[in-house]
Protein chains: 2
Amino acid sequence: MSSVLEKSLAILELMVEHPEGMQVSTLARKLDMPVSGVHRTLRELARLGYVRQERDQGDYALTIRLAAMGLGFLGRSGVTDIAQPILDRLAQASGELVRLSVLDGRGLVWVAVAQGATVGLRYDPGREQGVRVHPASSAGGQALLSTMTDDEVLALVGETGLRPEGMAKASATPATIADLLKVIAETRTRGYSVAVNTYIEGMGAMAAPVRAGGVADGQVLGCLSIAGPAVRFPKARMEELAPSLLDAAAELGAAAPASHFFAGLLRQPPTP
Amino acid sequence: MSSVLEKSLAILELMVEHPEGMQVSTLARKLDMPVSGVHRTLRELARLGYVRQERDQGDYALTIRLAAMGLGFLGRSGVTDIAQPILDRLAQASGELVRLSVLDGRGLVWVAVAQGATVGLRYDPGREQGVRVHPASSAGGQALLSTMTDDEVLALVGETGLRPEGMAKASATPATIADLLKVIAETRTRGYSVAVNTYIEGMGAMAAPVRAGGVADGQVLGCLSIAGPAVRFPKARMEELAPSLLDAAAELGAAAPASHFFAGLLRQPPTP
DNA sequence: TTTAAACTTGAAACAGTTTCTAAAAAATTT
DNA sequence: AAATTTTTTAGAAACTGTTTCAAGTTTAAA
């Protein structure tokens with residue numbers, strides 16, 4: 001951690017997880033930075049309108065500014081415009097929750113969603129939008145991992161582990177790296193991932209990579225997933241849903257270049 | 001412009017408006033900063049994963065990182081949870097577009113939306129989410145201005161002007177400061193704003209301030225607006241819609257403290 | 001009232017940043 | 001195809017914002 005920018009952004013990243021506000025000292029402790037320095041940075045961020053202090057001598061919390069930037073970018077990027085109709089259709093057809101996610105650093109972030117299940121038993125993502133999801137244990141993550149080489153998988157999982165820290169293993173979560181690689185290998189040949197009781201106990205999901213142009217050797221842009229109660233994800237049903245999932249992923253991949261964001265991904269080599 | 005942080009955030013703010021990517025030199029020109037410095041900052045942002053360069057020697061564009069932060073914050077803040085049901089109901093009742101906005105710096109940003117109009121003639125906000133809207137010429141802005149003193153209005157409008165720069169006056173846009181103050185005064189007594197052909201020609205809208213606790217003297221948290229084609233916003237219809245709008249705003253104000261974000265706004269004095 | 005914990009502020013030492021210059025690469029024009 | 005212009009990238013010295021440490025305040029708790 002060297003530059004001011006890095007420290008400031010680390011502060012913002014942490015504050016994102018605590019919309020209710022945080023103490024200077026807590027922030028400093030969690031980031032292992034001197035209180036005094038965090039304080040200075042917070043004042044600067046406050047001056048710029050990204051942070052505000054609640055009461056004198058009180059906690060600091062983010063303003064709406066950062067969210068406005070994020071929403072503004074996403075809106076203008078065209079991702080939603082491109083994806084929503086396709087997601088809606090798949091949600092309708094499957095009667096489950098459908099999401100489009102992209103890889104951000106070492107985790108997955110979903111950027112569009114459609115709920116196909118009527119109220120009742122269903123998986124609801126709640127407040128998770130924009131939250132980084134663990135790659136090795138989620139269906140979407142496994143779909144993305146299946147597009148990488150084993151070495152790349154090992155590198156990524158080496159950093160993230162098999163489970164998010166502090167999260168208990170679900171009954172079908174891969175227990176070892178070998179298990180994971182086996183699951184990934186199966187996913188490669190199958191063309192889509194299958195993750196029942198893997199991420200959260202009682203939840204079932206399947207996901208397919210979204211590739212540029214919608215072709216099998218196109219550059220990977222993200223993944224499309226279907227999720228719902230595990231009881232509705234027996235093997236037969238998943239095989240029934242698979243064609244729609246793969247079709248939608250292909251359609252998305254074909255339409256993606258129309259979005260500035262995905263077009264940007266395309267203009268560069270596969271990823272560092 | 002002094003600190004690194006300020007410069008870096010200015011770069012990010014500008015890049016938000018150009019998801020397709022920007023050249024170093026363009027960025028430098030628009031921000032009136034030395035090319036070399038912008039370059040350095042971009043490299044740093046790239047190293048941190050907020051920006052990526054498309055091709056070697058190519059443009060720089062934002063990654064999904066910033067959007068993920070924004071969405072994550074908004075999700076966890078609870079604003080959507082609180083607001084969506086209320087917005088949905090009002091959208092249903094009015095058959096128009098309903099939005100909840102908050103003040104960010106000198107502009108309005110909407111953070112939740114519900115579309116009550118069936119496809120056909122309707123106002124659609126498109127990619128505007130997260131985009132700062134001009135306060136003096138929009139219905140929501142006028143609703144917020146109506147909660148300030150004339151001096152505060154003058155201060156704010158002094159900075160923003162009567163119209164967004166480069167945007168032509170619509171037929172009913174207040175032409176002078178005096179006109180605006182008169183409109184604001186009427187809004188105060190009426191309890192909600194009325195803006196037909198004011199922001200965009202052919203569009204009609206009305207908005208009410210959302211106040212903490214839902215009471216008239218509560219702290220202002222944001223505003224709730226209804227928008228649609230001007231032809232559906234004759235005086236009689238607006239008077240008919242007013243009670244639902246005001247009720248919803250009150251309900252929202254009463255429920256707001258349950259959201260971390262609004263609760264944060266409450267914990268501090270009315271605003272600097 | 002006393003004690004503890006947290007926020008705030010000041011000043012000197014330090015380190016990252018700025019600016020200028022210039023080379024290398026890419027895009028345009030002739 | 002060569003020449004010209006624009007743009008990106010890189011290095012080094014001067015500078016300025018930042019870090020750190022220590023001390024003063026304020027607030028909350030005992």
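Residue numbering restarts at 1 for every chain, and letters A, B, ... go by the order of the sequence lines.
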Test item: B:Leu100 and B:Trp110 side chains (from C-beta on) under 4.5 Å apart, heavy atoms: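 They are not in contact (no side-chain heavy atoms under 4.5 Å apart), so the answer is no.
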Side chains of B:Val102 and B:Phe261: closer than 4.5 Å at any heavy-atom pair? yes
Under 4.0 Å: is that the gap between some side-chain N or O of [X] and OP1 or OP2 of [N]?
X	N	result
B:Gln23	D:dT6	no
B:His39	D:dT9	yes
A:Gln53	C:dT8	yes
A:Tyr60	C:dT8	yes
A:Lys7	D:dT19	yes

Output the single nucleotide from [options] whose closest atom is nearest the side chain of [X].
X	options	result
A:Val4	D:dT7, C:dT17, D:dT20	C:dT17
B:Val35	C:dT9, C:dA6, D:dT9	D:dT9
A:Ser25	C:dC7, D:dT20, D:dT8	C:dC7

Please check: side-chain N/O of A:Arg211 versus main-chain N/O of A:Gly218, any donor-acceptor pairing under 3.5 Å?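 Yes; judged by distance alone, with no hydrogens or angles, the pair exists.
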For A:Ser259 and A:Ser77, indicate whether the former's side chain and the latter's backbone hold a donor-acceptor pair under 3.5 Å.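 Yes, A:Ser259 side chain to A:Ser77 backbone: donor-acceptor pair under 3.5 Å.
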For atom [atom1] of [X] and atom [atom2] of [N], their distance in whole Å:
X	N	atom1	atom2	result
B:Leu48	C:dG16	CG	C1'	14 Å
B:Arg43	D:dT8	CZ	P	12 Å
B:Asp32	C:dT18	CG	C1'	14 Å
B:Leu5	C:dG16	CG	C1'	13 Å
A:Asp59	D:dT26	CG	P	19 Å
B:Glu44	C:dT17	CD	P	6 Å
A:Leu42	C:dT9	CG	P	13 Å
B:Leu45	C:dT17	CG	C1'	14 Å

Look at all strands and tell whether B:Ser36 reaches a base, only sugar-phosphate, or nothing, counting heavy atoms closer than 4.0 Å. base
Describe the nucleic acid contact of B:Arg40 in one word from base, sugar-phosphate, nothing, applying a heavy-atom distance below 4.0 Å. base
If you measure from CG on B:Leu108 to CG on B:Leu145, what distance do you get to the nearest 0.5 Å?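 Result: 8.5 Å between the selected atoms.
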Between A:Met22 and B:Thr41, just flag the one whose closest nucleotide in DNA chain C comes earlier from the 5' side. A:Met22
